[in-house]
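Below is one structure, written out as structure tokens; comments come after it.
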Amino acid sequence: METTPNSTATEALDENKLIAQRREKLTRLRENGHAFPNDFRRNALAAELFAHYAECDAAELEARAVRVKLAGRLMTRRVMGKASFAHIQDMSARLQIFVQREQLGEALYEFFKRELDLGDIIGVEGQLFKTKTGELSVRCDGLRLLTKALRPLPEKFHGLTDMESRYRQRYLDLIMNPSTRETFRVRTTIVQFIRDYLNQRGYLEVETPMMQVIPGGAVARPFITHHNALDMQLFLRIAPELFLKRLVVGGLEKVYEINRNFRNEGLSTRHNPEFTMLEFYEAYADYHDLMDLTEDLLRRMATDILGTTQIHYQGATYDFGQPFMRLSVRDALLQFNPNLTATEVDDDERLRSVLEHHGIVAKPSWGLGKLQLELFEQTVESQLLNPTFITRYPTEVSPLARRNDIDPSVTDRFELFVGGREIANGFSELNDAEDQAERFRAQVAEKEAGDHEAMYYDADYIRALEHGLPPTAGEGIGIDRLVMLFTDSPSIRDVLLFPHMRPESSV
RNA sequence: GCGCCCUUAGCUCAGUCGGUAGAGCAUCUGACUUUUAAUCAGGUGGUCGUGCGUUCGAGUCGCACAGGGCGCACCA
């Protein structure tokens with residue numbers, strides 16, 4: 001590791017007594033040999049021991065004389081003269097250890113009492129037993145300090161509750177809060193489940209560029225960076241979509257990618273500048289096939305990971321067991337705006353006045369499709385609580401989606417809403433190269449008119465389409481928001497190990 | 001970007017009407033061989049987020065700034 005003399009100098013100034021005491025102990029360790037040994041090998045995890053021996057009664061456990069070697073962080077300690085109890089925590093669980101002078105010998109027991117601190121990483125060795133209250137424990141006959149912790153842990157009872165500290169010092173949050181560990185365990189399980197699900201169905205996982213010359217595939221502002229050797233501007237991707245469809249052109253007929261996207265927008269409880277998306281594409285399928293797949297995926301995921309299709313989120317319950325509702329944008333508008341008639345919902349002027357009623361000033365450039373979508377977002381979205389597919393999005397707001405055969409003003413597209421929030425977005429892909437070129441040109445015109453989020457013209461993507469994209473359906477699922485739902489997390493920061501934070505003035 | 005709220009010991013929190021700082025845990029000293037928020041006795045620990053102002057006097061009142069939380073806006 002690098003040494004940073006400057007920072008140690010400044011740290012020394014604001015260092016408190018607790019840290020100074022621990023440094024002195026570390027100094028003594030250094031004087032007595034290797035302060036940071038790396039030769040201890042454990043042969044068990046705490047949770048494995050609970051799984052095997054929790055049911056065993058005290059006499060039986062004694063008879064079996066199970067010897068174990070465990071390593072972990074010292075979390076609690078109760079010293080009582082010549083014998084002490086403590087808990088050590090490893091990645092799986094927290095297990096009690098029993099430390100006696102009689103077992104360890106005078107010197108080591110004194111070391112345990114004098115030199116160890118809460119937070120230290122230790123290795124222990126001994127026989128499993130059960131205390132008189134029935135708690136599975138290790139009677140230590142060996143104990144080593146493996147890593148000295150110089151900083152004290154947060155309070156053992158209340159733990160670390162300050163949200164800022166929990167986000168900034170996630171390591172402390174993970175040490176202190178089991179619910180945080182569980183959230184990220186579920187997150188990993190969800191991603192694994194998706195990979196297994198798609199792999200079993202013949203999808204190929206791929207990785208496409210994160211740094212792009214032309215950022216495409218979504219309507220959003222990108223981050224800009226610079227490549228020195230090439231002396232050129234590059235963008236962090238806002239979506240992998242156009243590259244994944246190039247792969248389908250290339251014959252990879254079922255592909256997916258789970259990776260980060262970057263969008264240069266405000267932060268909120270639902271937005272982080274970098275976020276994780278699943279995008280997948282399947283040739284010879286349409287958006288109906290994807291709705292079926294999505295419904296099946298989420299239902300199985302809930303059953304498999306949560307053991308129920310009833311998702312409890314922030315006091316509400318959403319049912320993933322029933323067939324998901326399917327409703328077009330237009331029908332949803334009519335259903336949730338009873339004062340709007342079937343003719344009015346297609347009337348430019350009427351929609352503009354209704355929007356104005358909701359406090360939204362419609363721009364002159366907005367066509368019918370954009371007006372409808374605005375009203376949808378204003379009046380419908382937040383009310384779609386149980387899983388609901390909204391279909392047939394206006395072509396005007398869907399520049400990459402295939403037009404509907406019967407009504408070309410809408411596309412073969414859907415979005416899935418749960419708890420009033422968008423979870424997925426999928427559509428039959430636009431594979432008409434000439435139509436796509438035209439829609440890119442319309443986007444470029446909007447960009448020139450001042451819309452920073454409008455798309456660029458991607459000539460190579462058009463060239464790829466000209467080679468023939470088979471009829472294909474594609475979808476994106478926001479992993480972070482899905483994890484929020486499955487872990488009952490109110491903020492996206494709760495499901496990101498290291499959410500974006502403004503820099504601290506001093507550490 | 002806007003609005004409301006928060007910032008006091010390592011952690012979790014009190015702090016009254018403006019009168020110079022408190023508790024619990026942790027830590028230190030001592031006692032204690034089945035405890036588990038161990039217990040008992042005694043101690044240490046603070047630039048009250050930062051700066052400016054009002055005042056005889058500011059943790060407390062005012063303004064500005066920083067960081068955070070929530071909501072709105074933008075979006076996924």
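This is a predicted model, so every value here is computed, not measured. Every chain is numbered from 1, with letters handed out A, B, ... down the list of sequences.
Residue-level contact check: A/Arg168 touches the backbone only, with heavy atoms under 4.0 Å from sugar-phosphate atoms and none from bases. Across all strands shown, A/Asn425 has no heavy atoms under 4.0 Å from either base or sugar-phosphate atoms. Residue contacts shown for A/Lys25 are limited to sugar-phosphate atoms, with no base heavy atom under 4.0 Å away. Backbone-only contact: A/Arg493 has heavy atoms under 4.0 Å from sugar-phosphate atoms and none from a base. Contacts of A/Glu453 with the nucleic acid, taken as non-hydrogen atoms under 4.0 Å apart, involve only primed sugar atoms and P, OP1 or OP2. Nucleic acid contact class of A/Asn264 (heavy atoms, under 4.0 Å, all strands): none. Using a 4.0 Å heavy-atom distance criterion, A/Met501 is classed as a sugar-phosphate-only contact. Counting any heavy atom pair closer than 4.0 Å across all strands shown, A/Arg94 reaches no nucleic acid atom. At a threshold of 4.0 angstrom between heavy atoms, the contacts of A/Gln100 include nucleobase atoms, whether or not backbone atoms are also involved. At the heavy-atom level, A/Glu155 lies under 4.0 Å from base atoms of the strands shown. Base engagement by A/Leu18 is indicated by at least one non-hydrogen atom pair under 4.0 Å involving a base atom. As judged by a 4.0 angstrom heavy-atom cut-off over every strand, A/Thr269 is placed among residues touching the sugar-phosphate backbone only. Backbone-only engagement by A/Gly159 is indicated by non-hydrogen atom pairs under 4.0 Å involving sugar-phosphate atoms exclusively.
At least one donor-acceptor pair closer than 3.5 Å links the side chain of A/Glu429 to the backbone N or O of A/Gly474. Judged by distance alone, the side chain of A/Lys148 and the main-chain N or O of A/Glu115 form a donor-acceptor pair under 3.5 Å. Checking side-chain atoms of A/Asp296 against main-chain N and O of A/Leu293 turns up no donor-acceptor pair under 3.5 Å.
A centroid separation of less than 6.0 Å is found between the aromatic rings of A/Phe417 and A/Phe376.
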* To do: Verify side-chain hydrogen bond (donor to acceptor under 3.5 Å, both in side chains) between A/Asn425 and A/Glu475, making sure each step is shown before the conclusion.
  => CA-CA 6 Å; A/Asn425 175 20; A/Glu475 177 173 344; over 6 Å; no
* To do: Quick one: do A/Arg94 and A/Thr76 satisfy side-chain hydrogen bond (donor to acceptor under 3.5 Å, both in side chains)? Show the steps, please.
  => CA-CA 10 Å; A/Arg94 194 181 279 199; A/Thr76 67; 5.6 Å; no
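A donor N or O paired with an acceptor N or O is found under 3.5 Å between the base of B/U35 and the side-chain atoms of A/Thr131. With hydrogens and angles left out, the side chain of A/Glu135 and the base of B/U35 share no donor-acceptor pair within 3.5 Å.
Salt-bridge annotation for A/Glu356 and A/Arg352: absent, with no side-chain N of the basic residue lying under 4.0 Å from a carboxylate O of the acidic one.
A/Ile492 places its CD1 atom 18 Å from the P atom of B/C74, with the value rounded to the nearest Å. Here the C1' atom of nucleotide B/G10 and the CG atom of A/Leu172 are 10 Å apart, to the nearest Å.
Of the candidate nucleotides B/U27, B/C11, B/U34, B/U34 has the atom nearest to the side chain of A/Arg139.
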* Structure fact -> Its dot-bracket string being built from Watson-Crick and G-U pairs below 3.5 Å, with | for another strand and [ ] for crossing, RNA chain B has the pattern (((((((..((((.....[..)))).(((((.......))))).....(((((..]....))))))))))))....
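No side-chain N or O of A/Tyr287 forms a donor-acceptor pair with one of A/Thr411 less than 3.5 Å apart.
Nucleotides B/G24 and B/U39 place their P atoms 12 Å apart, quoted to the nearest Å.
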